[in-house]
Amino acid sequence: MLANKSSQLNLVGTLFLILGILSIFNLVFLSRIGERMNENSLANADIRTPDGKPYDGFKQQLAMQQTFLLGMLIISISFTVISLLTGTFMLKRFGHRFCLVGAIVTMIVFPLGTIFGGWALFLLCNREIKQLFQERTELRDADFLD
């Protein structure tokens with residue numbers, strides 16, 4: 001039974017790595033959105049208010065769009081790093097708490113992240129899996145002392 005759960009944990013760790021690699025492509029899409037925002041014709045248009053003053057609303061809108069894009073970029077990079085680290089830690093049986101937190105974070109991404117994160121939480125909350133992580137940690141400590 002432990003071998004079955006261990007192989008499932010290996011599969012989930014591999015799927016987390018694949019999810020992290022696929023999320024790298026979000027950066028390409030975000031860069032294309034940024035290029036299209038810069039090509040926005042309304043932001044470069046010479047529009048004036050009824051009293052003849054230049055209208056500054058488009059500059060504020062462009063600034064808000066750029067701030068939103070920067071936030072999405074930061075979230076995308078963070079998610080990619082967390083997914084890759086969680087998958088690596090699951091495969092190496094290192095950092096049980098980090099794997100729990102990583103599984104919870106990936107549940108935000110619907111539907112794949114929710115499925116993988118739920119499956120990982122189900123496995124990581126098992127006593128035998130916790131013991132695998134503890135044994136691995138104790139092995140590392142013993143190797144360090146030699």
Side-chain angles (χ1 to χ4, degrees), residues 1-47 54-146:
M1 187 69 165
L2 181 62
N4 184 25
K5 291 187 181 190
S6 179
S7 65
Q8 285 183 11
L9 191 64
N10 287 340
L11 177 62
V12 171
T14 305
L15 291 173
F16 267 79
L17 287 175
I18 292 171
L19 186 65
I21 290 169
L22 288 176
S23 65
I24 291 173
F25 294 108
N26 286 341
L27 303 175
V28 174
F29 294 121
L30 288 174
S31 69
R32 288 185 182 170
I33 291 171
E35 291 170 3
R36 288 196 178 158
M37 278 186 355
N38 290 335
E39 295 172 359
N40 187 359
S41 61
L42 289 178
N44 298 326
D46 186 27
I47 298 177
Y55 181 67
D56 291 334
F58 293 122
K59 291 178 184 176
Q60 293 171 353
Q61 181 182 3
L62 185 63
M64 286 177 23
Q65 288 175 348
Q66 289 174 343
T67 304
F68 179 75
L69 187 65
L70 180 64
M72 290 300 297
L73 183 69
I74 291 170
I75 289 171
S76 182
I77 290 172
S78 300
F79 177 77
T80 301
V81 169
I82 288 172
S83 293
L84 292 173
L85 285 176
T86 302
T88 304
F89 285 4
M90 279 187 197
L91 291 174
K92 292 188 175 188
R93 309 288 191 267
F94 177 73
H96 184 262
R97 287 185 186 152
F98 182 84
C99 291
L100 283 171
V101 172
I104 291 170
V105 168
T106 56
M107 289 181 79
I108 295 170
V109 180
F110 184 81
L112 289 178
T114 305
I115 294 168
F116 297 158
W119 189 11
L121 283 175
F122 178 74
L123 288 173
L124 289 169
C125 289
N126 191 343
R127 286 183 186 175
E128 294 149 353
I129 297 293
K130 287 181 185 178
Q131 288 175 355
L132 280 176
F133 277 88
Q134 288 174 352
E135 289 172 6
R136 189 70 157 187
T137 304
E138 290 170 2
L139 255 167
R140 282 198 184 105
D141 291 343
D143 288 342
F144 178 71
L145 295 174
D146 288 340

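Position 1 is the first residue of the sequence, and the numbers go up from there.
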Cys99 vs Phe133, side chain to side chain contact (heavy atoms under 4.5 Å, CB included): CA-CA, chis, key distance, verdict: CA-CA 10 Å; Cys99 291; Phe133 277 88; 4.1 Å; yes

Value rounded to 0.5 Å, distance of CG in Leu15 from OG1 in Thr86: 13.0 Å

Close side-chain approach of Leu69 and Leu73, heavy atoms under 4.5 Å: no

Whether Phe16 and Phe116 hold their rings parallel, tilted or perpendicular, with breakpoints at 30° and 60°: tilted

Check: Ser7 side chain, Asn4 main-chain N or O, donor-acceptor pair, under 3.5 Å: yes

Residue pair Met90 / Leu9: nearest heavy atoms and the distance that separates them: SD-CD1, 4.1 Å

Separation between CD of Gln134 and CZ of Arg127, rounded to the nearest 0.5 Å: 11.5 Å

Any donor-acceptor N/O pair, Ser23 side chain to Gly20 backbone, under 3.5 Å: yes

Sidechain-backbone polar pair: Ser76 side chain, Met72 backbone, donor-acceptor under 3.5 Å: no

Ile21 vs Leu84, side chain to side chain contact (heavy atoms under 4.5 Å, CB included): CA-CA, chis, key distance, verdict: CA-CA 7 Å; Ile21 290 169; Leu84 292 173; 4.1 Å; yes

Smallest separation among heavy atoms of Gln8 and Leu123, with atom names: OE1-CD2, 3.2 Å

Nearest heavy-atom neighbours spanning Gly102 and Ile82: CA-CG2, 3.9 Å

Separation of Leu22 CG from Thr80 OG1 (nearest 0.5 Å): 10.0 Å

Minimal non-hydrogen separation, Phe79 against Leu19, with atom names: CZ-CD2, 3.9 Å

Minimum heavy-atom distance between Met107 and Gly117, given as atom pair plus value: CG-CA, 3.7 Å

Side chain to side chain contact (heavy atoms under 4.5 Å, CB included) between Thr106 and Leu112, worked out: CA-CA 9 Å; Thr106 56; Leu112 289 178; over 6 Å; no

Other residues, nucleotides, ligands: >12 heavy atoms within 6.0 Å of Phe98 CZ: yes

Taking every non-hydrogen atom, the tightest pair across Ser6 and Arg93: OG-NH2, 2.8 Å

Side-chain heavy-atom pair Leu17, Leu91 within 4.5 angstrom cut-off: yes

Worked check of side chain to side chain contact (heavy atoms under 4.5 Å, CB included) between Arg97 and Val101: CA-CA 6 Å; Arg97 287 185 186 152; Val101 172; 5.6 Å; no

